[in-house]
Amino acid sequence: MLKKVAILSSGSGSNAQALITHFASQDNIEVVFVGSNRASAGVLEKARHSEVHHGHFTKEDLNNGTVLGALEKLEVDWVLLAGFLLRIPIEFCRRYQGRILNIHPSLLPKYGGKGMYGIRTHEAVFQAGEKESGMTIHYVNEHYDDGAVVFQGRVKIDDVTNAQEIADRVLKLEHAYYPRISSELITLDK
Ligand code: GRF
């Protein structure tokens, strides 16, 4: 059965692009919407290039149910957050319970929660002198980085000299695993 997916992102959208590219080769999954809370986000440009329906919305649109309504109208089955920085409202989480995933660039529960995003996460990991980092794919609930963990990919970082090197290694894992793991889960959803 065809499953319709929406991707939400606030940033450059390299993970969103990896998802779009991967799903384009699968006939049971279709990306029907790419949305961002930042009008200038690179992800919208990437969606335009890939000819995927896309749009910008405000924080208020997300919190007052407008975004949820739009996704329901598009008959979206699964929501994938890929570098999306706003908290998902509780009604939204309930509507897509078990069908909304996020990716986080650390081995949760370490280095997660409010304010832990992007290079800030990797700075914290670097300052702590961790020997290993990685990425976490988890279900989303109404708290930041708190839902059940689906998958973690790990990478050694004992030889790095700065946080950016950690970021580069973790991003590679994200691009490799997020499309694969999300696609498996969506395909299992009957
Ligand atoms: C990724 O590290 C993702 O895990 C995090 O934000 C970054 C987004 O990168 N939540 P991109 O926009 O997918 O390039």
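Atoms within a ligand are numbered from 1 in the order they appear, just like the ligands themselves. Because only heavy atoms are used, hydrogens play no part in the values below, and waters and symmetry mates are left out as well, while side chains stay in.
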[X], any N or O under 3.5 Å of ligand 1 N or O:
{"X": "S9", "result": "no"}
{"X": "S12", "result": "yes"}
{"X": "G13", "result": "yes"}
{"X": "N15", "result": "yes"}

Among all protein heavy atoms, pick the one closest to atom 14 (O) of ligand 1 and tell me residue, atom and distance.
-> S14 OG, 2.5 Å
Closest protein heavy atom (residue, atom, distance) for atom 6 (O) of ligand 1 | G83 CA, 3.7 Å
Members sharing L71's hydrophobic cluster, built from side-chain contacts under 4.5 Å between Ile, Leu, Val, Met, Phe, Trp and Tyr, are L8, V32, F33, F57, L62, V67, L68, L74, V76, V79, L81, F84, L86, I88, F92, Y96, I100, V140
Show which residues join L85 in its hydrophobic cluster (side-chain heavy-atom contacts under 4.5 Å, direct or indirect), or state none.
-> Y117
Does ligand 1 have any atom sitting under 4.0 Å from a heavy atom of G118?
-> no
What do the steps show when you test D77 against R99 for salt bridge (charged side-chain N to carboxylate O under 4.0 Å, His left out), and what is the final call?
-> CA-CA 7 Å; D77 300 298; R99 293 193 176 86; over 6 Å; no
Take I29 and S183, measure what side chain to side chain contact (heavy atoms under 4.5 Å, CB included) needs, and give me the verdict at the end.
-> CA-CA 8 Å; I29 301 175; S183 151; 4.2 Å; yes
Under 4.0 Å between heavy atoms, the region of E174 that gets near ligand 1 turns out to be side chain
Does a side chain donor of either T58 or N37 reach within less than 3.5 Å of an acceptor in the other side chain?
-> no
Report the C-alpha distance between R169 and S133 in whole Å, list the side-chain angles of each, state the deciding distance to 0.1 Å, and finish with yes or no for side chain to side chain contact (heavy atoms under 4.5 Å, CB included).
-> CA-CA 9 Å; R169 289 183 197 181; S133 190; over 6 Å; no
